[in-house]
Colleague: 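Have a look at the structure that comes next, please.
Letters A, B, ... are given to chains in the order of the sequence lines, protein chains preceding strands, and every chain is numbered from 1. Note: hydrogens, waters and symmetry copies are ignored here, and every other heavy atom, side chains too, is used.
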Protein chains: 2
Amino acid sequence: MPITTQEIERRMTHFETVCRDKGIKRTHQRIEIFREVAQAEDHPDAEQIFQRVQKRMPTVSLDTVYRTLWLLHELGLVITLHSGRERTHFDANLEKHHHFVCEHCGFTRDFHCSDLDRIRLPDVLKNFGKVKTAQVEARGLCKACLLKK
Amino acid sequence: MPITTQEIERRMTHFETVCRDKGIKRTHQRIEIFREVAQAEDHPDAEQIFQRVQKRMPTVSLDTVYRTLWLLHELGLVITLHSGRERTHFDANLEKHHHFVCEHCGFTRDFHCSDLDRIRLPDVLKNFGKVKTAQVEARGLCKACLLKK
DNA sequence: TTTAATGCAAAAGATTTGCAACATG
DNA sequence: CATGTTGCAAATCTTTTGCATTAAA
C-alpha cells in the first residue's frame, strides 16, 4: 500500500504550517528532504535520504541532511526508529500506527490496527513520567530473511 | 523495584546453559559483562557497561565489551533498545515486558502488564514476515525532563 | 536588510578489525 | 593442546561543528 499523493501533499502542507508557526525557513533543501521522508514507506536512514535527495539536488550535502532530519524530529514532523545494529531510521507517518521490524536485516514497515490503538496503559507508568504516545513494536524476521535461514 | 539477587542468579545460570549448548567459552570478561547487564535496570549502553565493568576489571577493553554485547544479542541473551539520538541500550530482561522511554533524555525503564502481554496482532503482519515478539513502547517525558521544561 | 541556513572541510565520536599473546575447555 | 578470545592500536565509519558564503522572509 503505497502512500497516496494526497497524503504526501497533506504532509507537505503540515510541514509548511509548522515552519510558518515556528519561524523556520522553508529552504529548497529542507523541502526536498522532508518530501523524501514524507513519500518513503521504507523508513530510510540519513544516508539513504541523502542519496535519494541528491538525485534531484546534486549539490545537497550530507550534513544538511542530518541537520534537517533532527530539526524535523524536534518539530515533531518525523519520528525515529531503530533496530539491532542498524542506524536511525526516519518516519513521517504521524497517524497512530505500529511497527513491524525484522531483527535480522532491519526491514521496517508501518501497520495500522484500531484494536491496538485503544491500548490502555497501566498506572505504574505515572512513576516514570508522562506518556505521550504508545505503539506496538512487532519484532521478528521478514520474508526475505526467513528464506535465507 | 530493583532486580532481585535471585533473578540475577537465574540469568547467570541461563547464560551458562546457553554458552555450554553453543560451545561458547565463558571467559572472565564475558561473565563480568553479562553480569553487569543482568543486574542493571537502567538499560546501559556499551560505554556505560564498559565503565562499570572496568571498576572490577581494570584491564577490560572497550572493544571486548562491544564484541561481547553483540554476541549476547546474537545468542538471544539480551535485547537492544534505542530512542532518538541515543546510542544502543542493552536489556537482559527476557521476560515479557514493555518499555517506557523518555523522548528527551533517553531514560528507559521496563514495565510489566499482563493485559498488554495478551495483545493480538492483525493478520496484515503475515505479509511482512514472521513475528516473534511484540511489545509496547510508551514514549513521553520522564519526571526529570518534565521539570526542566 | 536581517537573520538563519548551507556547503565545505575538518574534527569528533563511535564502532570495528587485524594480529600477536593468552586463556578456556 | 587446539581453538577461540582478548587487548592493543590503528582503521573505519558515522555524525557533528566552525566558518565564510548564500538565500529566505
Side-chain angles (χ1 to χ4, degrees), chain A residues 12 15-37 44-75 77-78 80-90 106, chain B residues 12 15-37 43-51 53-75 77-78 80-90 106:
Chain A
M12 295 305 296
F15 169 56
E16 201 175 328
T17 310
V18 172
C19 285
R20 204 171 1 244
D21 285 2
K22 306 247 177 149
I24 302 279
K25 290 182 184 166
R26 287 173 60 253
T27 63
H28 189 188
Q29 289 87 334
R30 285 178 178 165
I31 293 168
E32 290 308 313
I33 291 165
F34 180 69
R35 187 196 307 286
E36 203 53 63
V37 184
D45 61 33
E47 182 69 33
Q48 289 173 308
I49 294 162
F50 170 61
Q51 284 172 8
R52 294 174 195 183
V53 170
Q54 213 181 21
K55 283 183 188 158
R56 283 176 282 126
M57 208 189 206
T59 59
V60 76
S61 68
L62 180 57
D63 57 276
T64 297
V65 173
Y66 275 107
R67 277 190 280 230
T68 303
L69 288 171
W70 289 117
L71 172 71
L72 294 170
H73 187 247
E74 265 175 52
L75 294 174
L77 289 165
V78 302
T80 58
L81 278 171
H82 315 246
S83 137
R85 255 162 140 147
E86 292 279 308
R87 300 184 249 167
T88 306
H89 291 242
F90 295 85
Chain B
M12 294 306 295
F15 169 56
E16 201 175 327
T17 310
V18 172
C19 285
R20 199 165 12 236
D21 285 0
K22 307 247 176 150
I24 303 277
K25 290 182 184 167
R26 289 172 61 250
T27 63
H28 189 187
Q29 290 86 334
R30 285 179 179 164
I31 292 169
E32 289 309 311
I33 291 165
F34 180 70
R35 189 198 306 287
E36 203 53 62
V37 185
H43 306 82
D45 61 31
E47 182 69 36
Q48 289 172 309
I49 294 162
F50 170 62
Q51 284 171 10
V53 171
Q54 214 181 22
K55 283 182 188 158
R56 281 177 282 126
M57 207 188 208
T59 60
V60 76
S61 69
L62 180 56
D63 56 270
T64 296
V65 172
Y66 274 108
R67 278 191 279 232
T68 302
L69 288 171
W70 290 116
L71 172 71
L72 295 171
H73 187 247
E74 265 176 52
L75 294 174
L77 288 165
V78 301
T80 57
L81 279 172
H82 315 246
S83 136
R85 254 161 140 144
E86 293 279 307
R87 300 184 250 170
T88 306
H89 291 243
F90 295 84

Colleague: For a side chain to side chain contact (heavy atoms under 4.5 Å, CB included) check, start with the C-alpha distance between B:Thr68 and B:Gln29, then their side-chain angles and the critical distance, and finish with the verdict.
Modeller: CA-CA 8 Å; B:Thr68 302; B:Gln29 290 86 334; 5.5 Å; no
Colleague: Let me know the distance between CG of B:Asp63 and P of D:dT12, rounded to the nearest Å.
Modeller: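 So the two atoms are 16 Å apart, to the nearest Å.
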Colleague: Rounding to an integer number of Å, can you tell me how far A:Phe15 CZ sits from D:dA24 P?
Modeller: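 Whole-Å distance recorded here is 13 Å.
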Colleague: Measure the distance from CG on B:Leu62 to P on D:dT12 and round it to the nearest whole Å.
Modeller: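 Nearest whole value for this atom pair: 19 Å.
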Colleague: Is A:Arg67 touching bases, backbone alone, or none of the nucleic acid, heavy atoms closer than 4.0 Å?
Modeller: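 Base contact - A:Arg67 has a heavy atom under 4.0 Å of at least one base atom.
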Colleague: For the side chain of B:Arg87, counting heavy atoms from C-beta on, which of D:dC8, C:dC8, C:dA14 is nearest?
Modeller: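 My answer, after comparing the listed nucleotides, is C:dA14.
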Colleague: Calculate the interatomic distance between B:His82 atom NE2 and C:dA14 atom C1'; express it in whole Å.
Modeller: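 One finds 14 Å between C1' of C:dA14 and NE2 of B:His82, rounded.
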Colleague: Can you sort out the partners of B:Arg35 under side chain to side chain donor-acceptor pair (under 3.5 Å), two or more places apart, ordered by chain and number?
Modeller: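 For B:Arg35 there are no side chain to side chain donor-acceptor pair (under 3.5 Å) partners, ignoring immediate neighbours.
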Colleague: For residues 17-28 of chain B, please give each side-chain donor-acceptor pair under 3.5 Å, one per line with the distance, not counting sequence neighbours.
Modeller:
from    : atom 1 : to      : atom 2 : distance (Å)
B:Thr17 : OG1    : B:Thr13 : O      : 2.9
B:Thr27 : OG1    : B:Arg30 : N      : 3.2

Colleague: Parallel, tilted or perpendicular: which one describes the rings of A:Phe15 and A:Phe34, with boundaries at 30° and 60°?
Modeller: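 A:Phe15 vs A:Phe34 ring planes: parallel.
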Colleague: Check whether any side-chain nitrogen or oxygen of B:Ser61 sits under 4.0 Å from OP1 or OP2 of D:dC8, and answer yes or no.
Modeller: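 No, outside the criterion.
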Colleague: Rounding to a whole Å, what distance do you find between B:Trp70:CH2 and C:dT17:P?
Modeller: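 Nearest whole value for this atom pair: 13 Å.
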Colleague: Under the side chain to side chain donor-acceptor pair (under 3.5 Å) test, which residues partner A:Glu74, sequence neighbours left out?
Modeller: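 In terms of side chain to side chain donor-acceptor pair (under 3.5 Å), with neighbours along the sequence ignored, A:Glu74 is linked to no residue.
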Colleague: A:Arg20 near the nucleic acid: base, sugar-phosphate alone, or nothing, with a heavy-atom cut-off under 4.0 Å?
Modeller: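 A:Arg20: no heavy atom of the nucleic acid under 4.0 Å.
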Colleague: Mind checking what makes ring-ring contact (aromatic ring centres under 6.0 Å, His included) contact with B:His89, not counting sequence neighbours?
Modeller: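 Not a single residue meets the ring-ring contact (aromatic ring centres under 6.0 Å, His included) criterion with B:His89.
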Colleague: Round to a whole Å and report the spacing from CD of A:Glu86 to P of D:dT14.
Modeller: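 Answer to the nearest Å: 11 Å.
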Colleague: With sequence neighbours excluded, what pairs up with A:Thr64 under the side chain to side chain donor-acceptor pair (under 3.5 Å) test?
Modeller: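 Expected list: A:Ser61.
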Colleague: What residues in residues 22-31 of chain B put a non-hydrogen atom under 4.0 Å from any atom of DNA chain D?
Modeller: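 Output list: B:Ile24, B:Lys25, B:Thr27, B:Gln29, B:Arg30.
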Colleague: What integer distance in Å separates B:Glu47:CD from C:dA12:P?
Modeller: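 Distance, rounded to whole Å: 17 Å.
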Colleague: If I take atom CD in residue A:Gln54 and atom P in nucleotide C:dG7, what distance separates them, rounded to the nearest angstrom?
Modeller: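 These atoms are roughly 11 Å apart.
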